[in-house]
Structures are given as structure tokens and as C-alpha cells.
Amino acid sequence: MNVPAPRGSDAYRRIYSVVSRIPRGRVATYGQVAVLAGLAGRARLVGYALHALPEGSGLPWHRVINARGEVSERSDGGPAGRVQRILLAQERVRFDAAGRVALERFRWRPSRLSVDA
DNA sequence: TCGCTGACCCAGG
DNA sequence: CCCTGGGCCAGCG
């Protein structure tokens, strides 16, 4: 797939690779993506990588949420967060009254845990 | 090269 | 549940 690779950052490439594998109707947390990308403990980097993602990348960036099951708020107050909820809802990912996704039910559980594809 | 600046996470209190 | 503190680190002036 056309996975964008800004500035030849190996870490970013690995992160995008993992995100591209999250199936429809499922979600993964930032920390989970980090671990699957071989970057355990660097959840923040996942957030930075997604933030740097250009529009129309084709990556299912909206399937990445935080460990509390919420869509992380953008500091710039942009529409990205709202869009993310809509996209997830269209995939039948449900939010409870508190705006949280039940991770025990919607979390992606990849059969293969290695970094490569 | 230095110094911000973040779509995070977890353990504590 | 809320708040604090510490760990994480690439990109761009």
C-alpha cells in the first residue's frame, strides 16, 4: 500500500506499517501500535507520527485511540477529532455515553505479533 | 547544535 | 475521578 514515509524516518515507517494493518471496525491504542512496531514505550512517537501524516494518505489513522478508549483531543482544536469519531462510527465502532470505546470488545488483536509483514 | 513542542502512558496520591 | 511527575523522541526553526 502507499504508505507515506516522511523524511526517511525508520520509526515513522514502522508505525505507518502497523497502522495500515488495523482492520475495519477495530481500533488499536497508541501504546499498542508502538509495541507492534518494535517501539515499546514510545507511544508518544506514534501520536507525533500520525499528527505528521498528510491528508489523503490512505492510512486508517482514525483507528488509533488512546489507552482509555477515547479519541485523543487535538491541541489545535481542529476538526480531526470529530472526523475520527464519525469515521469510526461508520465502521460500527460504538462509543458509550462517556464517549469511550469498549477496548475489550473493539481492540484489534493481530495474530502475528512481529514487526515485519 | 540547541530549544522548543507535542494525536501518549503509567504509577502514585 | 482528578492531578502530578517522569519517561518517551523526531522534526523544525
Side-chain angles (χ1 to χ4, degrees):
Chain A
M1 319 201 141
N2 48 324
V3 178
R7 264 55 84 190
S9 161
D10 182 60
Y12 275 27
R13 269 196 297 265
R14 291 158 87 168
I15 289 169
Y16 295 145
S17 174
V18 170
V19 173
S20 72
R21 297 206 290 277
I22 307 174
R24 247 183 88 87
R26 312 241 87 191
V27 298
T29 66
Y30 294 91
Q32 182 185 356
V33 170
V35 169
L36 292 171
L39 302 167
R42 286 178 269 180
R44 267 187 118 170
L45 192 59
V46 175
Y48 306 150
L50 294 185
H51 185 60
L53 210 53
E55 297 240 7
S57 63
L59 241 73
W61 56 270
H62 59 285
R63 297 181 187 141
V64 183
I65 61 180
N66 66 35
R68 298 180 325 210
E70 313 171 305
V71 163
S72 292
E73 289 306 318
R74 281 27 172 204
S75 58
D76 52 41
R82 199 178 67 247
V83 172
Q84 186 170 4
R85 293 169 199 280
I86 293 173
L87 290 174
L88 286 176
Q90 289 178 345
E91 301 186 352
R92 313 232 174 149
V93 170
R94 301 212 273 143
F95 288 84
D96 64 19
R100 292 201 307 259
V101 171
L103 290 174
E104 61 278 13
R105 186 160 81 189
F106 294 100
R107 184 197 290 274
W108 172 44
R109 291 184 183 73
S111 47
R112 189 196 307 266
L113 275 75
S114 74
V115 183
D116 55 74

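In what follows, chains carry the letters A, B, and so on, assigned in the order in which the sequence lines appear, proteins first and then strands, with residues in each chain numbered from 1. Predicted model, so just to flag it, every value in this text is computed and none were measured.
Applying the side-chain contact (heavy atoms from CB on, under 4.5 Å) criterion to A:A43, with sequence neighbours excluded, gives A:Y30. Evaluation of the side chain to side chain donor-acceptor pair (under 3.5 Å) rule for A:R82 yields no partner, not counting sequence neighbours. Partners of A:E73 according to the side chain to side chain donor-acceptor pair (under 3.5 Å) rule, which considers only residues two or more places apart in sequence or in another chain, are A:R85. A:A98 meets the side-chain contact (heavy atoms from CB on, under 4.5 Å) test with A:D96, A:R100; sequence neighbours excluded.
Separating the CG atom of A:L39 from the C1' atom of C:dC8 is a distance of 11 Å, rounded to the nearest angstrom. Going from atom CG of A:L53 over to atom P of C:dG11 covers 13 Å, rounded to whole Å.
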Does the pair A:F106 and A:L88 meet the rule for a side-chain contact (heavy atoms from CB on, under 4.5 Å), with working shown?
CA-CA 11 Å; A:F106 294 100; A:L88 286 176; over 6 Å; no
Pull out every protein N or O sitting under 3.5 Å from an N or O of nucleotides 1-7 of chain C, one pair per line with the distance.
none

Which donor-acceptor pairs under 3.5 Å do the side chains of residues 60-68 of chain A make with protein atoms, sequence neighbours left out?
unit_1	atom_1	unit_2	atom_2	d
A:H62	NE2	A:E91	OE2	2.9
A:R63	NE	A:E91	OE1	3.0
A:R63	NE	A:E91	OE2	3.1
A:R63	NH1	A:I22	O	2.8
A:R63	NH2	A:E91	OE2	2.6
A:N66	OD1	A:R68	N	2.9
A:N66	OD1	A:G69	N	3.2
A:N66	OD1	A:E70	N	3.0
A:N66	ND2	A:E70	O	3.4
A:N66	ND2	A:S72	OG	3.3
A:R68	NE	A:E70	OE1	2.8
A:R68	NH2	A:E70	OE1	2.5

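Base contact: A:L50 has a heavy atom under 4.0 Å from a base atom. Here A:Q84 lies in heavy-atom contact (under 4.0 Å) with a base. Nucleic acid contact class of A:R74 (heavy atoms, under 4.0 Å, all strands): base.
Using a 4.0 Å cutoff to heavy atoms of chain A, the contacted part of DNA chain B runs 5' to 3' from B:dG6 to B:dC10.
Applying the salt bridge (Lys or Arg N to Asp or Glu O under 4.0 Å) rule to pairs touching residues 35-62 of chain A yields nothing, sequence neighbours excluded.
Within the hydrophobic cluster formed by Ile, Leu, Val, Met, Phe, Trp and Tyr side chains joined at under 4.5 Å, directly or through other members, A:I86 stands alone, with no partner residue.
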